[in-house]
Amino acid sequence: MKGRRILLDKTELVLIVAGKKEVKTLNLTYEDIQAIIFEPCREFRYFNVVSSERIVINTSQSSHPILYPKLKNKKYFEEYKQGLTRFAISNRITFHNNLDI
């Protein structure tokens with residue numbers, strides 16, 4: 001999937017979640033989002049494991065967190081981080097940036 005996977009508005013998010021067999025679209029208001037976390041991770045790239053980053057979104061509509069790794073979303077990843085940071089602060093959502101540690 002080459003397009004955007006996170007679309008932002010002032011009070012809601014549209015998340016496109018690609019699974020193994022299907023693609024789901026989640027429409028979430030700020031009340032549905034429990035936390036937004038930026039954290040370091042390890043990803044496979046060309047038969048190697050490399051250090052990377054990922055976005056983790058915890059919601060009340062999903063039992064598992066929604067993950068967006070940097071290497072799979074390389075083109076828009078920095079935009080996602082900036083937009084989600086502003087979104088979390090303006091809507092008073094729990095926000096952790098574990099990349100600066």
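In this chain, numbering begins with 1 at the start of the sequence shown.
Partners of Arg92 by side chain to side chain contact (heavy atoms under 4.5 Å, CB included), not counting sequence neighbours: none found. Annotation: side-chain hydrogen bond (donor to acceptor under 3.5 Å, both in side chains) contacts of Ser52 (sequence neighbours excluded): Glu43. Residues satisfying the side chain to side chain contact (heavy atoms under 4.5 Å, CB included) criterion with Ser90, sequence neighbours excluded, are absent altogether. When the salt bridge (Lys or Arg N to Asp or Glu O under 4.0 Å) test is applied to Glu39, the partners found at least two apart in sequence or on another chain are Arg54. Residues forming a side chain to side chain contact (heavy atoms under 4.5 Å, CB included) with Ser60 (at least two apart in sequence, or on another chain): Asp32, Gln34. Residues satisfying the ring pair (Phe, Tyr, Trp, His ring centres under 6.0 Å) test with Tyr68, not counting sequence neighbours, are none. Scanning for side-chain hydrogen bond (donor to acceptor under 3.5 Å, both in side chains) contacts around Arg86 gives an empty result, with sequence neighbours left out. With sequence neighbours excluded, no residue forms a ring pair (Phe, Tyr, Trp, His ring centres under 6.0 Å) with Tyr30.
In this structure, Glu79 CD and Asn73 CG are separated by 11.5 Å, a value rounded to the nearest 0.5 Å. Here Ile66 contributes atom CD1 and Ile36 contributes atom CD1; the two are 10.5 Å apart, rounded to the nearest 0.5 Å. To the nearest 0.5 Å, atom CG of residue Asn58 and atom NE2 of residue His64 are 12.0 Å apart.
Criterion: ILVMFWY side-chain heavy atoms under 4.5 Å apart, direct or through other members. Under it, Leu7 and Ile33 are not part of a common hydrophobic cluster. Taking hydrophobic clusters as Ile, Leu, Val, Met, Phe, Trp and Tyr residues chained together by side-chain heavy-atom distances below 4.5 Å, Ile55 shares a cluster with Tyr76. Clustering ILVMFWY residues whenever any of their side-chain heavy atoms sit less than 4.5 angstrom apart, transitively, puts Ile57 in a cluster other than the one holding Ile89.
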Determine all donor-acceptor pairs shorter than 3.5 Å in which one atom belongs to a side chain in residues 11-22; sequence neighbours excluded.
none

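Residue Leu67 belongs to a hydrophobic cluster whose other members are Ile37, Val56, with links defined by side-chain heavy atoms closer than 4.5 Å. Under a 4.5 Å side-chain heavy-atom criterion applied to ILVMFWY residues, the cluster that includes Leu71 comprises Val50 as well. With side-chain heavy atoms closer than 4.5 Å counting as contact, directly or through intermediates, the hydrophobic cluster containing Phe44 also holds Val49.
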Audit row: Lys81, Glu53, side-chain contact (heavy atoms from CB on, under 4.5 Å) steps and yes/no: CA-CA 11 Å; Lys81 283 176 40 178; Glu53 304 172 3; 3.1 Å; yes

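Aromatic ring centres of Phe87 and Phe95: separated by at least 6.0 Å.
The side-chain heavy atoms of Phe77 and Lys72, taken from C-beta on, include no pair separated by under 4.5 Å.
Using modelled atom types, no side-chain atom of Ser62 and backbone atom of Pro65 make a donor-acceptor pair closer than 3.5 Å.
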